[in-house]
There are 2 protein chains.
Amino acid sequence: MSYETATDGPDLARARGSKKRTRIQAENEERILDAALEVFSRYGFRGATVDQIAERAGMSKPNLLYYFRRKHDLYTAVLTRTLDMWLAPLGDMTEDGDPESELTGYIRQKLEQSRDFPHESRLFIGEVLLGAPHLDSVLKTDLKSIVEEKAGVIRRWIEEGKLIDVDPVHLIFMIWATTQHYADFDAQVRSVLGRGVEDPTTFRAASDTVIGVLMRGILPTRD
Amino acid sequence: MSYETATDGPDLARARGSKKRTRIQAENEERILDAALEVFSRYGFRGATVDQIAERAGMSKPNLLYYFRRKHDLYTAVLTRTLDMWLAPLGDMTEDGDPESELTGYIRQKLEQSRDFPHESRLFIGEVLLGAPHLDSVLKTDLKSIVEEKAGVIRRWIEEGKLIDVDPVHLIFMIWATTQHYADFDAQVRSVLGRGVEDPTTFRAASDTVIGVLMRGILPTRD
DNA sequence: GAAGAATTTGTCCGGATGGTCAGAAGCTCG
DNA sequence: CGAGCTTCTGACCATCCGGACAAATTCTTC
């Protein structure tokens with residue numbers, strides 16, 4: 001005879017319809033997600049262990065598993081939370097306002113993201129590296145559509161003669177690549193420069209160079 | 001009583017001084033390294049299993065371990081082999097010849113590398129992502145020195161007025177980032193475009209955009 | 001063609017790790 | 001203050017995986 005009063009954990013309970021989150025739940029889930037982000041981004045999905053995450057979150061493994069029943073659930077949760085933030089700056093880029101300041105602003109935001117949220121960036125690239133098995137569908141829908149939308153904006157700027165003729169999608173790729181580089185390849189950057197982007201001097205040089213070269217590369221000549 | 005005629009495996013034998021490699025050794029080590037590259041680049045060090053690599057190499061796990069006694073040895077071997085190739089194009093860039101064709105050539109080579117050897121590129125980034133534990137020392141010596149050398153070349157070009165004033169090291173980072181993006185973020189590129197760089201049209205658009213924007217971004221105006 | 005070395009395999013081991021489970025402890029609210 | 005729910009834990013299990021080993025098989029060489 002099984003123990004009748006036992007529950008199935010907060011996730012399942014909520015999945016069944018009860019929508020309340022207790023104070024303890026909210027706190028712990030937050031702590032767990034933060035810990036998971038750090039560990040997953042550093043060691044990858046397989047490299048991370050549940051014990052490790054639990055320890056960093058300051059709780060026992062079974063207790064962590066009480067909140068997220070499978071390692072995989074936890075990973076997905078962190079990933080989803082991250083993707084939203086990752087995409088946010090692109091959404092800010094609007095057709096009003098001139099291309100120069102819009103694009104410069106976007107690039108700067110991405111660089112700041114790399115500096116301030118390297119874990120998120122690395123978590124994301126780690127997933128993509130593995131072929132994006134957990135968010136393939138999201139990439140093919142959400143990501144694709146926002147890229148297409150913004151590519152449209154850029155294309156209109158080009159038509160108006162405000163930018164030289166470049167492939168908008170590849171331009172976006174270039175922006176992503178050059179900005180994320182400072183988070184994703186942190187170890188490499190650090191080996192060569194002796195410091196990472198968190199160093200103000202490095203950040204300055206990086207943003208001047210990236211913004212300088214990219215903008216010069218796409219703005220019409222008018223010197 | 002142990003089996004007296006048993007050997008210690010080819011690697012150890014060679015490490016002890018005997019320099020011969022049998023035909024079988026050469027063939028198998030090659031097969032193993034190829035298999036290891038594919039598996040490691042796809043799943044990362046921890047994600048890859050020795051069984052998996054052995055299977056792909058068409059041999060049993062103990063037999064693979066006969067050639068590389070530890071998973072870690074195998075990983076290091078693949079990584080070293082890869083790093084050399086990864087750095088090669090940069091070495092080709094020489095101070096003679098004009099900056100435009102030298103840099104354009106370099107960028108094109110890196111793009112071709114991304115297209116033709118994506119596994120190598122991904123293996124490398126996977127390692128860097130994890131903080132480059134296995135090749136930290138190599139990065140801090142070999143990589144650092146070649147980057148500094150080439151930064152010097154670029155700096156001289158700038159002094160001669162052949163390039164605009166940019167930070168050479170960050171420029172090199174930009175080139176690496178934009179070119180490797182097509183290998184490392186393959187899954188993302190594919191989600192957005194529906195095809196990867198192996199597609200000639202995509203490759204064309206990518207190289208036109210990357211080379212176009214970067215070169216326009218650093219060459220002095222003369223329109 | 002046989003001695004001896006190189007290569008290959010089946011089997012096994014121990015540690016790590018994801019996940020389970022029964023119950024203990026803590027909260028909350030009447 | 002105590003019933004009933006939520007939260008937490010120690011102990012445990014099954015599986016996966018790197019690696020060891022002894023012996024079988026295949027090469028090489030004389």
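The basis for the numbers below is simple: all heavy atoms, side chains too, and nothing from hydrogens, waters or symmetry mates. Here is the naming used below: chain letters follow the sequence lines, and residue numbers restart at 1 for every chain.
- For B/L74 and D/dC17, the CG to C1' distance is 15 Å, given to the nearest whole Å.
- Residue A/R46 places at least one side-chain N or O under 4.0 Å from the OP1 or OP2 atom of D/dC17.
- Residue B/I32 contributes atom CD1, which lies 11 Å from atom P of C/dT7 at whole-angstrom precision.
- Side-chain nitrogen and oxygen atoms of B/Y67 include none within less than 4.0 Å of the OP1 or OP2 phosphate oxygen of C/dA6.
- Under 4.0 angstrom from either OP1 or OP2 of C/dA6 there lies no side-chain N or O belonging to B/Q25.
- Look at A/R108 and A/E112 and you find no salt bridge, because none of the NZ, NE, NH1 or NH2 atoms lies under 4.0 Å from a carboxylate O.
- As a whole-Å value, the separation of B/K71 NZ from C/dA16 C1' is 12 Å.
- Between B/E102 and B/K150 there is no salt bridge, since none of the side-chain N atoms of the basic residue sits less than 4.0 Å from a carboxylate O of the acidic one.
- One atom, CD1 of A/I24, and another, C1' of C/dT28, lie 10 Å apart when rounded to the nearest Å.
- Salt bridge present: B/R190 and B/E198 bring a charged side-chain N and a carboxylate O closer than 4.0 Å.
- What separates CD of A/E27 from C1' of C/dC27 is a distance of 13 Å, to the nearest Å.
- Ring-plane geometry between A/W176 and B/H181 is classed as tilted, the angle between the planes lying from 30 to 60 degrees on a 0 to 90 degree scale.
- Not one side-chain nitrogen or oxygen of B/N28 sits closer than 4.0 Å to the OP1 or OP2 atom of C/dA6.
- One atom, CG of A/D73, and another, C1' of C/dT20, lie 15 Å apart when rounded to the nearest Å.
- Note on B/R69 versus B/D73: no salt bridge recorded, every NZ/NE/NH1/NH2 to OD/OE distance being 4.0 Å or above.
- Contact check on A/R81 versus A/E30 returns a salt bridge, with a Lys/Arg side-chain nitrogen under 4.0 Å from an Asp/Glu carboxylate oxygen.
- The aromatic rings of A/F173 and A/H170 sit perpendicular to each other, their planes meeting at more than 60°, with 30° as the lower class boundary.
- Considering only side-chain N and O atoms, B/Y66 lies nowhere under 4.0 angstrom from the phosphate OP1 or OP2 of C/dT8.
- A heavy atom closer than 4.0 Å to some atom of DNA chain C occurs in no member of residues 33-43 of chain B.
- Checked against the 6.0 Å centroid threshold, A/H119 and A/F40 do not count as a close aromatic pair.
- What separates CG of B/D51 from C1' of C/dC12 is a distance of 14 Å, to the nearest Å.
- Across B/R122, B/R31, B/R56, a single residue satisfies salt bridge (Lys or Arg N to Asp or Glu O under 4.0 Å) together with B/E38, and that is B/R56.
- For A/R23 and D/dT6, the shortest distance from a side-chain N or O to OP1 or OP2 is not below 4.0 Å.
- A sub-4.0 Å separation between OP1 or OP2 of C/dT20 and a side-chain N or O of A/R70 is present.
- As a whole-Å value, the separation of B/E29 CD from C/dA6 P is 14 Å.
- A distance of 9.0 Å separates CG in A/L33 from OG1 in A/T82, rounded to the nearest 0.5 Å.
- Residues of residues 54-63 of chain B that place a heavy atom closer than 4.0 Å to DNA chain D, in numerical order, are B/K61, B/P62.
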